[in-house]
Amino acid sequence: MKKTVICTTCPSGCEMEAVFTDKNDLTVTGNRCPKGKAYCLNECFNPKRTFTASVKIEGCKRAMMPVRSKDAVPKDMLMKCAEEVHNVVLKAPVKSHDVVIENVAGTGVDIIAAMTLKQEV
Ligand code: SF4
């Protein structure tokens, strides 16, 4: 199998070509450093992304609060994360990095507040 992967580890943004049959048979070209191969390995076999969303908040002037996953979650769990976050309603005050949902969708990763909002109402 062949896949084009752009490394986002640093601003160089190397465009790499990954050729593989399985995890132990991966050839990467186009990377300028070894981090590129590690990035390809994850991207081909266990892709992860930081989850971001907005949730409702009461008790302040804003109606929505931005939240994100503390660490990247498996890409195929993003929809499950969205489903869990959908029904959350926070109450101000909330501090940046407060945990909004523990272990979202069983990923082992917490959803945290991405900003601080004081109580105003
Ligand atoms: S392969 Fe190395 S140099 Fe290229 S983007 Fe990734 S980290 Fe940067």
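Numbering of ligands and ligand atoms starts at 1, following listing order. Because the structure is a prediction, the values reported are computed rather than measured.
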Do the side chains of Arg49 and Glu43 get close enough for a salt bridge, i.e. N-O under 4.0 angstrom?
yes
Could you check atom 6 (Fe) of ligand 1 against the protein and tell me its nearest heavy-atom contact, residue, atom and distance included?
Cys7 SG, 2.4 Å
Within less than 2.8 Å of atom 6 (Fe) of ligand 1, any N, O or S from Cys10?
no
Do Ile112 and Val104 belong to the same hydrophobic cluster, where Ile, Leu, Val, Met, Phe, Trp and Tyr are linked whenever their side-chain heavy atoms lie under 4.5 Å apart, directly or via other members?
no
To check you understand the geometry: which heavy-atom pair defines the closest contact between Ala72 and Val109, and what is its length?
O-CG2, 3.9 Å
Considering all heavy atoms, the nearest Ala92-Gly59 contact
CB-O, 3.6 Å
Could you give the distance from OG1 (Thr107) to NZ (Lys80), rounded to the nearest 0.5 Å?
12.5 Å
Give the atom numbers and elements of ligand 1 that come within less than 4.0 Å of a heavy atom of Gly36.
1 (S)
Report the nearest protein non-hydrogen atom to atom 2 (Fe) of ligand 1: residue, atom name, distance rounded to 0.1 Å.
Cys33 SG, 2.3 Å
Heavy-atom nearest neighbour in the protein, as seen from atom 4 (Fe) of ligand 1, with distance rounded to 0.1 Å:
Cys14 SG, 2.3 Å
Under 4.0 Å from a heavy atom of Thr9: give me the atoms of ligand 1 that qualify, with their elements.
7 (S)
Return the CZ to NZ distance between Phe20 and Lys3, rounded to the nearest 0.5 Å.
6.5 Å
Atom indices of ligand 1, in the order listed, that fall short of 4.0 Å to a heavy atom of Arg32
1 (S), 3 (S)
